[in-house]
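Reading through the structure tokens given below for one structure.
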Amino acid sequence: MILYKINKIIFEFIESLDDLTNEDLISIKSKINTLISENLERGHITSNACLVAGNILKTNPKALSEKLKEILIEDAAIENVEIAGPGFINLYLTREAFYSVVDDALLKEETFGNSNSGKDKKIQIEFVSANPTGPLHVGHGRGAAYGDACARLLSATGCKVEKEYYVNDAGRQMDILTTSVILRQINISDDDFPASAYKGDYIKNISNNFKSQSSKDATFSFDISKFSDADPEKQIDKIIDFLKTDNEDLWFAIKKYALDNVLMSIKNDLEEFNVKHDEWFFESTLGSTLNQDSDISKSINLLTEKGKTFEKDGAIWLQTTAFEDDKDRVLIRDDGRATYFASDVAYHKNKLDRGFDKIINIWGADHHGYIKRIEASLASMNFDKNKLQVCLVQFANLFQGGSKVKMSTRSGEFFTLADLIENIGVDASRFYYLSKQADQHLDFDLDLAKSDKKENIYYYIQYAHARIESLNEKFINMSIGSSKNTIKNGEYKNCDKIIHELMRYPEIVQRAADNMHPHIIIYYLRDLAHTFHSFYNDNHVLSESEDNLSSIMSALNALKIVFGNALNLLGISPLNKM
RNA sequence: GCGCCUGUAGCUCAGCUGGAUAGAGCAACUGCCUUCUAAGCAGUGGGUCAGGAGUUCGAAUCUCUUCAGGCGCGCCA
């Protein structure tokens, strides 16, 4: 790529300067920005190299830029060099070099924009990982869209990415799910239904389906009033104890059935949403403290060997305060059971033991308090805690008819991911989920996502793609050769703005991947669509001369490739017709 | 109280690895369809980038501070 070459020339120039220490060089290199310009008025490529070097070396940036200009102008791809403002360098490429991006895109097609900056790094990204106690809701949808888009971005920069879902199939929430289903079996009325149990319709469905498929029957006598307790948590615990011990067969049959069912529905929702995990890791496989060979025991033993644990009040603690945590955390309760934290420690050890160069967790923002303690546990086991990167996803609020859509999980009525997809479709959902930086609150406007006005950027972008496709079909029917001369030789310059925007694409992908910011792609697409629509209005393409027409279509086909590739990074299919 | 995030045009948001006049869309007003998809284009007006201080040749962007809003702080999962 042309940018790479120019960067090399600039770096060589900097290195040749007098009185340059190694430190200066590193600092200068890290601050230099040599980019495709945002605006053709500033040349094709612009660099702040001389400003940065001038500042650090305490010399006049303008004098530096004069020298650099002499060197750059020698390059065959560069037609002109301008010095602007306090010492910016603005480069103009020759027609040939300028046009080369079109050939490059047409040649590389779906790999255009990709790089190998990730150098085959093995990265695991864990996302969604919702508790298997009910259907995915719109909050999970955001994590799903974000995690999947990040995986695509990282793959595009050459990383080997594995997507994983962590299934919390051990612990109390599974007991509550099981209990909820059993209580539906024995027809506890809605009024008597425990406050802490799950009440959604899906529970009733699971219950009914189990009844019709299994010979096991809930025929024991059960009087809910015997379990009453002012604290709903204690109430449900009493019921769990009873059901577990007195009806073991039924308990395990239903537990398995319920988990399988919920998991199946989660998998279906994700598949529908165009998200596919490579691995499903079950918490239960981490084992328990009763088994010395389990992952849980091994990680706790390791921490103990390293002298990081201590006993207090009958419990075993990890001294996470040694690594910036607010307080120390319990690994094993005074009754001998492991905490959720202990499972998490074992799980993260397991992940790193699998040999990933980096593990990424996509977590709900409400979990941000957990980052320190996990990092502390990894550091305590002598892992490099920088191998773990946690990305937080803020909540999404749905708006419809100008007001917030209520989402009450307690009553079991919520707007599920499946509802959202049914409402506005997979692609528009993914698009709007990704339209804002993940760690910030998102107001998701359902009316906007369905609107047919320009304010609906999703359609605005798709419309550009569809228009190109439509032109292309007509062009193909005209059977004209594929000369690109009039753009190459500069006779026809009306697509220059489009070509110029195309040149930015690889650097946009790189930036989006480096920062894990898929929304950068969205705003780039919006600008790209605007450039295209503007061109389309000003130029009646099909009535151009044959030479111009075929030239234009080569540029537009390159543009179409970029639209397609960029949308694909977001997991969205481009529309050919609208 | 502690931690994280946010505050940019009337509204919804970009821009934040410091850079050249702070950008879009909506809303308001004005134009553009006998020709390729008007789900479009062109234009006008609209800003003390929450307030203050600092670092810098240069700050919406970095540091400190004040104010306002959101979220999180269990031997829950």
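Sequence lines set the chain letters: A, B, ... in the order given, protein chains first and strands last, and positions in each chain run from 1.
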Worksheet item: Has the side chain of A:Asp527 got a donor or acceptor that lies under 3.5 Å from a partner of the other kind on the base of B:A14?
Response: no

Discussion item. Whole angstroms only, please: what is the NZ-C1' distance between A:Lys577 and B:C36?
Written reply: 13 Å

Discussion item. Work out how far the C1' atom of B:A50 is from that of B:G70, and round it to whole angstrom.
Written reply: 16 Å

Response to the item:
The answer to which of A:His533 and A:Asn456 contacts RNA chain B further toward the 5' end, by nearest nucleotide, is A:Asn456

Worksheet item: Under the ring-ring contact (aromatic ring centres under 6.0 Å, His included) criterion, do A:Phe127 and A:Tyr165 qualify, and how do the steps go?
Response: CA-CA 6 Å; A:Phe127 62 109; A:Tyr165 189 119; 8.3 Å; no

Practice prompt. Between B:G40 and B:U21, how far apart are the C1' atoms? Round to whole Å, please.
Written response: 28 Å

Worksheet entry | Nearest-0.5 Å distance that lies between atom CG in A:Asp445 and atom CD in A:Gln400 | 9.0 Å

Response to the item:
Rounded to whole Å, CD1 of A:Ile371 lies from C1' of B:C5 at a distance of 12 Å

Discussion item. Please report the distance, rounded to the nearest Å, between CG in A:Asn39 and C1' in B:A20.
Written reply: 11 Å

Worksheet entry | Heavy-atom check, side chain of A:Asp326 versus side chain of A:Arg373, under 4.5 Å | no

Practice prompt. Side-chain contact test, heavy atoms from C-beta onward, threshold under 4.5 Å: evaluate it for A:Lys327 versus A:Arg329 and give yes or no.
Written response: yes

Item to complete: Let me know the distance between OH of A:Tyr524 and C1' of B:G15, rounded to the nearest Å.
Response: 17 Å

Discussion item. For the backbone of A:Phe281 and the side chain of A:Thr285, can you confirm whether one donor and one acceptor N or O come within less than 3.5 Å of each other?
Written reply: no

Worksheet, complete the sentence: Between the NE2 atom in A:His519 and the CZ atom in A:Arg526, the distance rounded to the nearest 0.5 Å is 11.0 Å

Worksheet, complete the sentence: Smallest heavy-atom separation, A:Leu177 atom then A:Pro132 atom, equals CD2-O, 3.6 Å

Item to complete: Taking the six-membered ring for Trp and the single ring otherwise, decide whether the centroids of A:Tyr536 and A:His533 are under 6.0 Å apart.
Response: no

Discussion item. So if I take every side-chain heavy atom of A:Ala84 and compare against B:A38, B:U35, B:A20, which nucleotide ends up nearest?
Written reply: B:A20

Can you tabulate the close N/O pairs, meaning under 3.5 Å, that link protein atoms to atoms of nucleotides 6-11 of chain B?
unit_1 : atom_1 : unit_2   : atom_2 : d
B:U6   : OP1    : A:Gln440 : NE2    : 3.4

Discussion item. At 4.0 Å (heavy atoms only), tell me whether A:Asp237 reaches a base, stays on the sugar-phosphate, or touches nothing.
Written reply: nothing

Discussion item. Quiz question: by atom type and distance under 3.5 Å, do the side chains of A:Asn557 and A:Asn472 form a donor-acceptor pair?
Written reply: yes

Worksheet item: Quick one: on RNA chain B, does A:Arg526 or A:Asn537 contact a more 5' nucleotide (nearest heavy atom)?
Response: A:Arg526

Worksheet item: When all nucleic acid strands are considered with a 4.0 Å heavy-atom cut-off, which category describes A:Lys436: base, sugar-phosphate, or nothing?
Response: sugar-phosphate

Worksheet item: Can you tell me if NZ on A:Lys450 sees more than 12 non-hydrogen neighbours from other groups inside 6.0 Å?
Response: yes

Fill in: pair A:Lys497-A:Phe535: side-chain heavy atoms closer than 4.5 Å
no

Worksheet entry | Test of ring centre spacing under 6.0 Å for A:Tyr166 and A:Tyr347 | yes

Worksheet entry | Face-to-face contact A:Phe88 to B:G19 six-ring, under 5.5 Å, under 30° | no

Fill in: Sugar-phosphate only, base, or nothing, as touched by A:Asn576 at under 4.0 Å among non-hydrogen atoms
base

Fill in: Spacing of the P atoms in B:C76 and B:U63 (rounded, Å)
38 Å

Item to complete: Could you give the distance separating B:U35 and B:C11 at their C1' atoms, to the nearest angstrom?
Response: 38 Å

Worksheet item: Any side-chain heavy-atom pair from A:Thr289 and A:Ser294 closer than 4.5 angstrom?
Response: no

Discussion item. Mind checking if A:Asn539 touches a base, just sugar-phosphate, or nothing, with heavy atoms under 4.0 Å?
Written reply: base

Worksheet item: When rounded to the nearest Å, what value does the distance between P atoms of B:A59 and B:G54 take?
Response: 12 Å

Discussion item. Using the side-chain hydrogen bond (donor to acceptor under 3.5 Å, both in side chains) criterion, which residues pair with A:Ser551? Sequence neighbours excluded.
Written reply: A:Thr486

Item to complete: Report the distance from atom CZ of A:Phe431 to atom P of B:C13, rounded to the nearest whole Å.
Response: 15 Å

Worksheet item: Should B:C33 be called syn or anti, with syn set as within 90° of 0?
Response: syn

Fill in: Protein-nucleotide distance (A:Tyr459, atom OH; B:G25, atom C1'), rounded to Å
18 Å

Worksheet item: C1' atom, B:G23 versus B:C4: distance in rounded Å?
Response: 29 Å

Practice prompt. For each nucleotide in nucleotides 42-47 of chain B, reading 5' to 3', give B when a protein heavy atom comes within less than 4.0 Å of its base, S when such contact involves only the sugar-phosphate, and - otherwise.
Written response: S-----

Worksheet item: Given the rule in the side-chain hydrogen bond (donor to acceptor under 3.5 Å, both in side chains) test, do A:Asn361 and A:His348 qualify, once you have shown the distances and angles that lead to the verdict?
Response: CA-CA 10 Å; A:Asn361 294 352; A:His348 283 83; 2.8 Å; yes

Worksheet item: Expressed in whole Å, how much space separates the C1' atoms belonging to B:A14 and B:G47?
Response: 15 Å

Worksheet item: Does the side chain of A:Ile6 come within less than 4.5 Å of A:Ile45's, by heavy atoms?
Response: yes

Discussion item. Does B:A38 have its OP1 or OP2 closer than 4.0 Å to a side-chain nitrogen or oxygen of A:Arg467?
Written reply: yes

Discussion item. In this structure, how many angstroms lie between the P atom of B:A39 and the NE2 atom of A:His465, rounded?
Written reply: 19 Å

Worksheet item: A:His540 side chain: which of B:A39, B:U35, B:G25 is closest?
Response: B:U35

Response to the item:
The residue among A:Tyr146, A:Phe444, A:Phe395 that forms ring pair (Phe, Tyr, Trp, His ring centres under 6.0 Å) with A:Tyr433 is A:Phe444

Worksheet, complete the sentence: dist A:Ile316:CD1 -> A:Leu331:CG (nearest 0.5 Å) comes out at 7.5 Å

Worksheet, complete the sentence: Going 5' to 3' through nucleotides 71-77 of chain B and flagging B where a protein heavy-atom sits under 4.0 Å of the base, S where only the sugar-phosphate is that close, and - otherwise, we get -S--BBB

Fill in: Secondary structure of RNA chain B in dot-bracket form (Watson-Crick or G-U wobble, distances below 3.5 Å, | marking inter-strand pairs)
((((((((.[[[[.).......]]]].(((((.......))))).....(((((.......))))))))))))....

Discussion item. Within the 4.0 Å heavy-atom criterion, would you say A:Ser30 contacts the bases, only the backbone, or no part of the nucleic acid?
Written reply: nothing

Worksheet item: Atom OH of A:Tyr523 and atom P of B:A14: how far apart are they, to the nearest Å?
Response: 5 Å

Discussion item. Base contacts versus sugar-phosphate-only contacts with protein, heavy atoms under 4.0 Å: please encode nucleotides 56-61 of chain B as B, S and - from 5' to 3'.
Written reply: -B----

Worksheet, complete the sentence: CG (A:Leu559) and CG (A:Leu528) are apart, to the nearest 0.5 Å, by 5.0 Å

Worksheet item: Considering only the P atoms, how many Å lie between B:U66 and B:C73, rounded to the nearest integer?
Response: 25 Å

